[in-house]
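Contents: one structure, followed by commentary.
Below, read A as the first sequence line, B as the second, and so on, with proteins coming before strands; counting in each chain starts at 1.
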Amino acid sequence: MKIGFEIDPKEYKGPFNLDLTINSGQTSQPAWLMKDGYFQELLRFDNKLCLIKIQQENVEGTLNIEAETEADLELESIRTKLMDIFSLNDDLNDFYDFLRKDSELKPTIDFCSGLRLFKAHDPFECIISSISSANCSIIRWNRSIRDIKSKWGEEYNSNSNSWYTFPSPDILKNVPEHDLEEMDRCETNLPDDHSFEKNLKSCGVGYRAKFMIKTAEIVQNQINIDAIHKMSYNNAFETMLDLPGVGPKVADCILFYGFGFKEAFPVDVWIGRIVSEMYFQGKEIKPLKAREFGMKKFANRAGYVQLYMFHYARKSGLLDRIRQLNKS
DNA sequence: GCCCAGGTCTCCG
DNA sequence: CGGAGACCTGGG
């Protein structure tokens with residue numbers, strides 16, 4: 001079954017730039033695949049798979065969506081899900097009014113018009129990919145997530161292309177950590193030169209493999225994803241910190257990108273340096289101090305400010321200047 | 001071959 | 001509580 005529909009700019013407040021939103025390097029989810037002029041991703045609704053293709057003909061124009069599914073899905077639930085993923089219910093005009101009142105932030109608007117929070121479609125995937133992103137390059141953890149999906153995810157075929165979901169906590173918690181464990185669990189005798197590739201370390205996640213398996217176990221047994229949504233930010237933050245491999249930066253990313261907590265202000269080394277340049281005359285500021293500063297100053301807009309700060313720094317040359325400073 | 005980047009964990013004071 | 005060093009891997 002194929003459903004085609006549109007989302008009109010009148011349905012949301014302020015600008016939206018799909019390409020910018022998907023490709024601005026927001027952590028915690030690999031960018032959607034670009035193919036035949038459409039961004040594409042396999043989504044899960046309850047237990048139904050649905051391949052989404054989405055395009056925007058011109059910047060800030062109408063969105064064209066094609067949804068392909070073998071299940072019986074309501075158009076409205078697909079529309080609602082996409083509105084959520086691309087944060088189309090956020091009022092960017094209101095946010096820009098706020099930015100204009102801060103002389104440091106005002107210039108970010110020109111570089112980021114239509115940039116919105118790109119939310120994860122699966123909170124558990126977001127938790128695991130955030131763990132894999134810690135102390136790791138973007139290309140590397142993107143590849144890891146793709147590997148994990150193709151090894152243990154559910155397969156969906158469309159036009160001879162294979163798509164995979166991210167495996168559930170129940171599946172991931174039982175995955176072998178490394179090749180030795182995979183070999184031990186193997187029932188049959190294999191040739192001496194057999195390479196063991198269905199284990200987490202073979203996905204290039206390194207020492208994070210055991211964190212991920214343990215986290216999957218805890219999420220499966222002790223965490224209710226819906227309950228997180230209803231928690232206060234601080235409670236949700238503390239809950240995330242209890243997961244192995246999750247420190248303050250990763251917890252903030254999970255809460256912002258995975259759960260949509262707008263008061264999160266995730267601070268990596270770059271945001272730390274940007275904050276220090278923009279607000280502390282280049283004086284070094286510790287990550288937790290920068291986090292505290294951002295949360296206090298920007299309150300429920302902290303996540304968006306972090307998004308805009310980083311993209312602005314990249315495009316304006318600020319980031320290059322900071323790089324130079326750190327070399328000398 | 002060597003060194004570096006990048007958050008979290010662990011250990012030590 | 002804060003600081004120092006180890007951790008896996010890919011890229012320069």
Side-chain angles (χ1 to χ4, degrees), chain A residues 24-31 120 125-148 151 172 175-182 195-219 223 234 236-258 264-277 283-295 302-303 306-307 309-311 313-314 318-328:
Chain A
S24 57
Q26 303 190 36
T27 40
S28 298
Q29 63 234 294
E125 172 176 357
C126 180
I127 291 172
I128 298 300
S129 53
S130 300
I131 291 173
S132 76
S133 73
N135 198 21
C136 198
S137 71
I138 293 182
I139 22 167
R140 188 180 151 200
W141 71 258
N142 269 265
R143 187 160 46 216
S144 296
I145 297 306
R146 212 180 47 228
D147 280 5
I148 292 173
K151 284 176 189 177
L172 203 65
V175 155
E177 185 189 330
H178 38 61
D179 51 3
L180 281 178
E181 197 175 323
E182 185 185 351
S195 62
F196 291 91
E197 284 169 351
K198 219 171 166 189
N199 60 81
L200 254 193
K201 270 207 162 179
S202 71
C203 301
V205 300
Y207 59 85
R208 302 164 196 81
K210 57 165 64 67
F211 296 156
M212 294 178 181
I213 291 168
K214 188 74 184 132
T215 287
E217 200 179 303
I218 297 174
V219 170
I223 292 193
N234 284 338
F237 184 72
E238 293 301 322
T239 306
M240 290 301 112
L241 284 187
D242 286 341
L243 300 172
V246 177
K249 150 71 165 58
V250 168
D252 283 332
C253 281
I254 294 170
L255 293 179
F256 185 48
Y257 297 106
F265 191 72
V267 176
D268 60 14
V269 285
W270 294 108
I271 289 295
R273 288 165 186 164
I274 292 166
V275 168
S276 115
E277 280 303 312
K283 192 175 155 294
E284 195 192 325
I285 172 164
K286 295 265 183 296
L288 282 176
K289 288 288 170 197
R291 175 178 185 271
E292 210 174 295
F293 169 82
M295 289 183 73
Q306 180 262 16
L307 215 54
M309 265 183 179
F310 188 68
H311 189 71
R314 274 186 13 176
L318 174 60
L319 208 54
D320 289 330
R321 286 204 298 283
I322 293 173
R323 279 204 185 91
Q324 291 305 321
L325 286 173
N326 274 278
K327 274 179 195 164
S328 52

Nearest listed nucleotide, side chain of A/Val250, among C/dC8, B/dG7, C/dG10 | B/dG7
Looking for any heavy atom pair under 4.0 Å, which part of the strands does A/Val246 touch: base, sugar-phosphate only, or nothing?
-> sugar-phosphate
So, A/Arg143 side chain and A/Gly204 main chain: donor-acceptor pair closer than 3.5 Å or not?
-> no
A/Arg143 side-chain proximity, nearest of B/dG7, C/dG3, C/dG11 | C/dG11
Across the strands shown, which category fits A/Pro287 at heavy-atom distances under 4.0 angstrom: base, sugar-phosphate, nothing?
-> nothing
The side chain of A/Arg140 lies closest to which of these nucleotides: C/dT9, B/dG7, C/dG3?
-> C/dT9
NZ of A/Lys289 versus C1' of C/dC1: gap in Å, rounded?
-> 12 Å
For A/Trp141, answer base if it contacts any base atom (sugar-phosphate contacts may also be present), sugar-phosphate if it contacts only those atoms, and nothing otherwise; contact means non-hydrogen atoms under 4.0 Å.
-> nothing
How many Å lie between CG on A/Leu241 and C1' on B/dT8, as a whole number?
-> 11 Å
Looking only at atom types and distance, does a side-chain atom of A/Ser133 sit under 3.5 Å from a main-chain N or O of A/Ser130, one as donor and one as acceptor?
-> yes
Starting from P on C/dT9, measure out to CD1 on A/Ile145 and report it in whole angstrom.
-> 15 Å
Within the distance-only criterion (no hydrogens, no angle test), does the side chain of A/Thr215 pair as donor or acceptor with the backbone N or O of A/Leu243 below 3.5 angstrom?
-> no
Given side chains that start at C-beta, do those of A/Arg208 and A/Pro244 come closer than 4.5 Å, heavy atoms only?
-> no
With the side chain defined as heavy atoms from C-beta on, A/Pro248 is closest, among B/dG7, C/dG10, B/dT8, to B/dT8
Once you round it to whole Å, what is the distance between P of B/dC9 and NZ of A/Lys214?
-> 13 Å
Of the listed nucleotides C/dC8, C/dG11, B/dG7, the one nearest the side chain of A/Arg208 = C/dC8
Please confirm whether the backbone N or O of A/Glu197 pairs with a side-chain atom of A/Lys151, one donor and one acceptor, at under 3.5 Å?
-> yes
Protein-nucleotide distance (A/Tyr207, atom OH; C/dG10, atom C1'), rounded to Å = 13 Å
Distance in angstrom units between A/Phe211 CZ and C/dT9 P, rounded | 13 Å
Round to the nearest Å and state the distance from A/Met240 atom CE to B/dG7 atom C1'.
-> 17 Å
For the side chain of A/Ile139, counting heavy atoms from C-beta on, which of C/dC8, C/dG3, C/dG11 is nearest?
-> C/dG11
Hey, does A/Ile131 reach any base, or is it just sugar-phosphate, or nothing, if we go heavy atoms under 4.0 Å?
-> nothing
Round to a whole Å and report the spacing from CG of A/Leu319 to C1' of B/dA5.
-> 14 Å
